[in-house]
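Below you'll find the structure, written out as C-alpha cells, and then a few comments.
Along the sequence shown, the residues carry numbers beginning at 1. Each ligand, and each atom within it, is numbered from 1 in the order the structure gives.
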Amino acid sequence: MRILALLGITFVTLLVVIHAGTAGTWCYDSQDPKCGPLHWKDIASHCGGQNQSPINIVRRKAQRDKNLEDILFEGYDQAPTGRWRLLNDGHTVVMNLDGASTAEQINITRGGLDDVYRALQFHFHWGDLNRNGSEHTIDGKQYPMELHIVHMNAKYKTLNEAKGHPNGVAVLSFLFKASDADNTNYNTIIAGLKNISRPEEYVDLASTFPLSNLLPNMALLSKYYRYKGSLTTPTCDEVVVWTVFEEPIPISKPQLNAFASTLYFKTIGVAPLKMSNNFRPPQPLNSRKIFASRDATISGGPSLADSQIFLLVLACTAGWLSGPFWLP
Ligand SMILES: *[C@@H]1O[C@H](CO)[C@@H](O)[C@H](O)[C@H]1NC(C)=O
Ligand SMILES: *[C@@H]1O[C@H](CO)[C@@H](O)[C@H](O)[C@H]1NC(C)=O
Ligand SMILES: *[C@@H]1O[C@H](CO)[C@@H](O)[C@H](O)[C@H]1NC(C)=O
Ligand SMILES: [Zn+2]
C-alpha cells in the first residue's frame, strides 16, 4: 500500500515536471509534434498572424520591381579582426557577428531597403539524410538547407527594440543545392560542429573569414525575391524585410550530413535527439505580394509556356472559325 502511494506520488511529480518542462517551450515536429509549429501560436500569438514566414515563392506570380537593384554589401568582403563564436542554441547552430567595433560593422543597404541594416548573426535550417530542410520553397521545391543572415535596422540599438517596428529586421536567405564537390569555404564551420554537439555549447573559431566566402558569387546576387514577413521561430514578430536569393549555394552531401548528424536539440522529452528537420513549413501568403528584383526569374514553375499558350489560342480560334462544329 505504502509503495503504491509512493508510486502514485512519484507519477504525479513526474507529470508535473514534464508539464513544466514543455510549457512555454517550442520545438519542431521532428522533436515532438505537441510543441511543433502548429502550436507555436498558443505560446506566441504573432505566430498565428497573417504575414508569417517562410512562404512558397511562386515565380510566375512574382511582380517585377525595377527599384530592386543590387544590394550594397558593406564589410562582407573582409575578415573581421574579432573572434567568431559558433553556438548550439538548442534549435540551430548560430554564429554571432555583433560586438565588432563600429568601423567593422557588417551592413547591407540599397536594393530597395530604405535604411542601413547591421548584420547580427547567421544560422541554418536543414533536413536529414533523406529529406530537404529549407524553410522557403520556390515553385513548391524545397532545398536541402537554408542560410539566414539576420540584420537589424541600424536606427535601433538592440534587436528587441528593432522587433517593435515594421522594417526593424532584414534577413537575407540563401538556399543550398547538393553538389558533388565539397564547398571548402564551409570547412571551418563544419569542423566546429563537433565541438558544439550539445545545446548551449559554443566554440571560438580559430580565425574569422569574409562573410562573402559563404555566399554564391556576388555577381549573381542581383537575382532575388522580396516580401514582408516574420521571424520563422517564436515569437514570430512580423517585422522582417525578407530577401530570398535565387542563386543557391553548393554544398556536398557529406557536408549536409555533418549538420544533420553531429548536433543535438535542446532536450524536451527524455532522450536527446539529433538536431534535424529544424524548419518551419511554408505559411499562407494571404494578401501579400512577392516582388522580383530586376534580374530575378519570374517565369518557370507549373505554368504553360508561351509557345503552348500560342498553340492553345490557335486551336481555339480554329475551332471557333469552323463554327457549327462547336454548337451542340
Ligand atoms: C556600417 O554602418 C555603420 C553606420 O551605421 C558605419 O559606421 C560602418 O562603417 C559601416 N560598415 C562598413 C563596413 O562600411
Ligand atoms: C530536394 O532537393 C533536391 C536537390 O536540390 C531536389 O533535386 C529535389 O527535387 C528536392 N526534393 C523535393 C521533394 O523538393
Ligand atoms: C574541437 O574538438 C576537437 C576534436 O574534435 C579538438 O581537437 C579541438 O581542440 C576542439 N577545439 C576547441 C576550440 O575546443
Ligand atoms: Zn532562420
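Protein N, O or S atom count below 2.8 Å of the Zn ion (ligand 4): the structure gives 3.
A cation-pi arrangement is absent between Arg226 and Phe291 under the rule of less than 6.0 angstrom and at most 45 degrees off the ring axis.
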Run the side-chain contact (heavy atoms from CB on, under 4.5 Å) test on Cys35 and Gln31 for me, step by step, so that the C-alpha distance in whole Å, both residues' side-chain angles and the decisive distance to 0.1 Å come before the verdict. CA-CA 8 Å; Cys35 49; Gln31 297 171 265; 5.5 Å; no
Give the C-alpha distance, both sets of side-chain angles, the deciding distance and a yes or no for side-chain contact (heavy atoms from CB on, under 4.5 Å) between Arg294 and Asp65. CA-CA 6 Å; Arg294 277 191 324 216; Asp65 182 348; over 6 Å; no
Applying ring-ring contact (aromatic ring centres under 6.0 Å, His included) to Phe245 and Phe174, what does each step give before you reach the verdict? CA-CA 6 Å; Phe245 292 89; Phe174 295 87; 4.4 Å; yes
Would you sort out whether Phe209 and Tyr186 count as a ring-ring contact (aromatic ring centres under 6.0 Å, His included), showing the intermediate values? CA-CA 10 Å; Phe209 48 82; Tyr186 276 81; 8.2 Å; no
What side-chain donor-acceptor pairs closer than 3.5 Å can you find for residues 259-271, not counting sequence neighbours?
unit_1	atom_1	unit_2	atom_2	d
Ser261	OG	Asn257	O	2.7
Thr262	OG1	Ala258	O	2.4

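A salt bridge links Arg59 to Asp139: one of the charged nitrogens lies within less than 4.0 Å of a carboxylate oxygen.
The protein residues lying under 4.0 angstrom from ligand 2, judged by non-hydrogen atoms, are Asn132, Lys141, Gln142, Pro144.
For Glu69, there are no side-chain hydrogen bond (donor to acceptor under 3.5 Å, both in side chains) partners two or more places apart in sequence or in a different chain.
Interface atoms of ligand 1 facing Gly75, defined by a heavy-atom separation under 4.0 Å, are 13 (C).
With ring centers used as reference points, His148 lies 6.0 Å or more from Phe122.
Ligand 1 has a nitrogen or oxygen under 3.5 angstrom from a nitrogen or oxygen of Asn107.
In this structure, a donor-acceptor pair under 3.5 Å is present between the side chains of His136 and Tyr227.
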